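None of the values given here were measured: they were computed from a predicted structure.
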Amino acid sequence: MSDTQNTSPAAADYRSTLNLPDTPFPMRGDLPKREPGWVKEWNDTGLYKRLRSARQGAPKFILHDGPPYANGQIHMGHAVNKILKDMIVKARQLEGFDALYVPGWDCHGLPIENAIEKKHGRNLSRDDMQAKSRAYATEQIAQQMADFQRLGVLGEWDNPYKTMNFANEAGEIRAFKRVIERGFVYRGLKPVYWCFDCGSSLAEFEIEYQDKQSQTLDVAFKAHDKAQLAAAFGLPALGKDAFAVIWTTTAWTIPANQALNLNPELPYALVDTERGLFIVAATLVESCMKRWGMDSFTVLATVAGEKLGGLEFQHPLYDVASEDGSYGYQRLSPVYLADYATASDGTGIVHSAPAYGVDDFNSCVAHGMKYDDILNPVQGNGCYAPDFALFGGQHIWKACPVIIETLRTANRLMATETITHSYPHCWRHKTPVIYRAAAQWFIRMDEGEGVFTTDKAPETLRQTALKAIEHTGFYPENGKARLKDMIANRPDWCISRQRSWGVPIPFFLHKDSGELHPRTMEILDQAANIVEQGGIEAWSRVSVEDILGAQDAPHYTKSTDILEVWFDSGSTFSHVLRGTHPGVHHDSGPEADLYLEGHDQHRGWFHSSLLLASALEGRAPYRGLLTHGFTVDSQGRKMSKSLGNGIDPQDINKKLGAEIIRLWVAASDYSGDIAGDDKILARVVDAYRRIRNTLRFLLANVSDFDPAQDAVPFDQLLEIDRYALTRAAQLQDDILAHYKVYEFHPVVAKLQLYCSEDLGGFYLDVLKDRLYTTAPKSLARRSAQTALHQITHAMLRWMAPFLSFTAEEAWKIFGGSESIFVEKFQALGQPDDGLLAKWERIRAIRDVVNKDIEALRAAGQVGASLQANVVLTVPPEDYALLSSLGDDLKFVFIVSTINLVAGSALHTGVTASSDAKCERCWHYRGDVGQDAAHPTICGRCTSNLHGSGEARTHA
């Protein structure tokens, strides 16, 4: 369309003289059908590598990926996690950083072994288990990778890291060697969490607490020497048998009892009853007597616990014979003094089975009990050893009622009842676990000797890790206290597991002494080299003689333990950020900028990574930690298959598109749990449509705009256009501030508000007349297009981190570079506070006028707002403000006429116009038909079509 029209079109043709918007950007995204094609294009064209080339030499931003486990189809929790990471990396890319993202997978460990055993049985050889596990993990990774890419996540997908890569397995052994050198590794017999279903020890990270029903027991231990007991209480003699009574919830530990613990500071009472004399904490006498059903009792004496130390009591099954006539429990339980015995509940006396409790173990060892003397009858499968007296071969859970009945028959059971209490469970199997003493390899948290220490760390691991936390940023901030508390209170880390599919602990132990081979450190290097060439399978095939030679081989056994999987994932920084992925590190230091996972990883990956980095390097592997909540339904229940309340990412991709999942994640406050269901997603779809429609309007109205030829300098723009750009600059400042601290939901909320109110509800509404009716190349129209072009540039960048598919689709139509992600955030200049304040006031007055017009429209007195004539009375300061717009004021209010009157207060008078309606611009004007050649259009349309065009100055 030219600047002037020399023809005299008929009324029906005036529509063709308008600059109506046009764009190939469709109103409907048709996301489920089109997104897979965009994913394929990104992969085929190597978009991630092109982004790296575009940022070569720029400052780096490194988000180290917490590896999801290579087992099963991804769920919505995975989707949330990966999308959050992707949004952060893309936002940093747009800030100008070389934002690297290497996705990873956790590949070893029990869940994969379980999957193999379910399919192939439990009797596989170690070699067969390892081969099948590697094949299974490879298959699972391929499936998960396709799902993550389908979500629009950009990364180094052609070279991800996997903990089962030979180089990473070897790197883990080398990291293990370094932890040994630093003095942190030792071998010890200690009670560790043990899962019967896993058949292995568990780390603290692998424990969750659930309610469990248990039987409580009050059990009597008979005094072995009544005279000694009488003397301890300051009595001349005892006329009855006397008993120390314990209270426990673990009946299965009673057969393994080896001591009693009393608090040296607590007063203990000797109570006389018709059933004998009983010792309990003095403050608990009445509650115990009530629980035991004893109405009549007398306290004979009270002494401090320290007076009772060293006394001996008989095992409660001391006099019970087995079927063969033997007495398997004729042993004595000495009294040890320990602070952990309290009078908060029970009896104030704690029975000690050192193999099955950390406090019990520490107390017994501290009082001189040797490791070889500790009874440990419970086997790895949960059954007592076959030759164990009375209960041999029975599973401990099934043995509990048998033990209780045996105690009752022996007249040693004072009371029992059922309670529900919080109890540790395996987080994989959801089954109860126990503490069980086992010879394991540990990483020491505090002072102590390690094996083969050659470069002892200057501080304890606990001290180093706590200091590292102080130099870490937390998002949200409360994560700091949570991690700090866990590190401050955690026990030593048990790092050995009795499984097949994992990185080996390549030790050789002397058959008689149990000591490590003197060449252990050299062997670790040898093992790492073997694994680097052939994987952990190659080390499994190595014989003792291959490594130690014929002379030493007969005297040593090869350890079959593996490093637990938290050592795998916790050490990934030492591979990915230090070597196996060249370029993925900062010149200024080895830390990643950010680790991002669910808040449960304070006890998991964040925790193990911190401990290993502190052990290896004396610092954290990250500069910042970000946590997100779990996915829940609209009622706040955690999504699960068993409840049937989950939303499946694969289904949503097919129905609505991954873009909707991305917008849902971005719009949610991830610092808490993230609620989602069909209704919530429907609202997200509505929000997406509003943003897309706004974007479509922008693209359509700049389709004939060439910024190189048509852009208007900022100081020559109409005032409302300058306001629109300064408002965009103000919003961009807000958005970039949110992006810097990894906040997305405020960005989405502000973008939605901007689209609906700033653009749709005001600026674009005002602009339509100028865009459509002025001459195509006029200053008035080019000024508007200049502003719209810059706003489109900015808006595409704002939304690109979360609406990646849509931004990229629009970017190609917009005529941009090869990808929106090659770009940087647009420089919009500093917001003009004076201009913002002026136009915010104008908009506020406009809202008042619109309400009055709407009231008349509802009453049927006017049609569109253009039919309204407005008399606007305003106070002096508003009069100056509005009159500065001159005749353009009516375009701002979208009315045909507006008369300003100076007054004392704001008041609106609205009437319907009696003028004719222009066929072309729809304004009601007195000059409609003044040109006989164009009887149905107004004077300004005549001028815009055939004359010099109307002059616009402000709007």
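Rounded to the nearest 0.5 angstrom, Trp811 CH2 and His793 NE2 are separated by 5.0 Å. Residue Trp798 holds its CH2 atom at 7.5 Å from CG of Leu751, rounded to the nearest 0.5 Å. Expressed to the nearest 0.5 Å, how far CG of Asp758 lies from CG of Leu753 amounts to 6.5 Å. Remark: Ile937 CD1 to Gln930 CD distance equals 9.5 Å, nearest 0.5 Å. Taking OG1 of Thr806 as the start and CD1 of Ile691 as the end, the distance is 9.0 Å to the nearest 0.5 Å.
Side-chain contact check for Asp769 versus Arg940: some heavy-atom pair is nearer than 4.5 Å. Ile88 has its side chain within reach of Phe61: a pair of non-hydrogen atoms, C-beta onward, lies under 4.5 Å apart.
If you run side-chain hydrogen bond (donor to acceptor under 3.5 Å, both in side chains) between Glu95 and each of Lys824, Lys740, Lys90, only Lys740 comes through.
Across Ser913 and Asn869, no two heavy atoms sit closer than the pair CA-ND2, 3.3 Å. The two residues Met87 and Ala666 make their nearest non-hydrogen contact at SD-CB, 3.7 Å. The two atoms that bring Ile853 and Val862 nearest to each other are O-CG2, 4.0 Å, heavy atoms only. Closest heavy-atom contact between Thr694 and Cys755: OG1-CB, 3.5 Å. Across all their heavy atoms, Pro32 and Asn653 have their closest contact at CB-O, 3.5 Å. When all heavy atoms of Asp86 and Leu154 are compared, the pair lying nearest together is OD1-N, 3.0 Å.
Geometric assessment of Arg52 against the ring of Tyr48 yields a positive cation-pi assignment under the 6.0 Å and 45° thresholds. Cation-pi geometry between Lys838 and Tyr723 is not met at under 6.0 angstrom from the ring centre and within 45 degrees of the axis. A cation-pi arrangement is present between Arg692 and Phe25, with the terminal nitrogen or guanidinium carbon under 6.0 Å from the aromatic centre and inside a 45° cone about the axis.
Residues Thr774 and Arg952 bring no donor and acceptor atom of their side chains to less than 3.5 Å of each other. Inspection of the Thr942 and Asp931 side chains reveals no N or O donor paired with an N or O acceptor under 3.5 Å. For Gln149 and Asn43, the side-chain atoms include at least one donor-acceptor pair closer than 3.5 Å. Inspection of the Thr45 and Arg50 side chains reveals an N or O donor paired with an N or O acceptor under 3.5 Å.
Under a cut-off of 6.0 angstrom, the local environment of CD in Gln830 is sparse, with at most 12 non-hydrogen atoms contributed by other residues, nucleotides or ligands.
Note: Phe891 and His923 meet the aromatic proximity criterion, with ring centroids under 6.0 Å apart. Proximity of the aromatic rings of His745 and Tyr670 is defined here by a centroid distance below 6.0 angstrom, and this criterion is not met. Two rings, from Trp664 and Tyr688, have their centers 6.0 Å or more apart.
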Test salt bridge (Lys or Arg N to Asp or Glu O under 4.0 Å) on Glu854 and Lys851; report intermediate values, then the result. CA-CA 5 Å; Glu854 189 58 39; Lys851 284 182 182 178; over 6 Å; no
What verdict does the salt bridge (Lys or Arg N to Asp or Glu O under 4.0 Å) test give for Arg28 and Asp30, after you've listed the backbone C-alpha separation in whole Å, the side-chain angles of each residue and the deciding distance to 0.1 Å? CA-CA 6 Å; Arg28 291 176 57 84; Asp30 210 9; 5.2 Å; no
Salt bridge (Lys or Arg N to Asp or Glu O under 4.0 Å) evaluation trace for Arg841 with Glu877: CA-CA 11 Å; Arg841 180 56 185 160; Glu877 60 272 20; over 6 Å; no
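Listed for the Gln752 side chain is no donor-acceptor partner under 3.5 Å among the backbone atoms of Ala687. The main-chain N or O of Ile820 is found under 3.5 Å from a side-chain atom of Glu808 such that the two form a donor-acceptor pair. Side-chain atoms of Arg770 come within 3.5 Å of backbone atoms of Ala955 as a donor-acceptor pair (strictly under, hydrogens ignored). Of the possible polar contacts, none joining the Ser896 side chain to the Gln867 backbone as a donor-acceptor pair under 3.5 Å is found.
Ring planes of His789 and Phe705: tilted class, angle from 30 to 60°. Below 30°, between 30° and 60°, or above 60°: for Tyr772 and Phe697 the angle between ring planes is between 30° and 60°, a tilted geometry.
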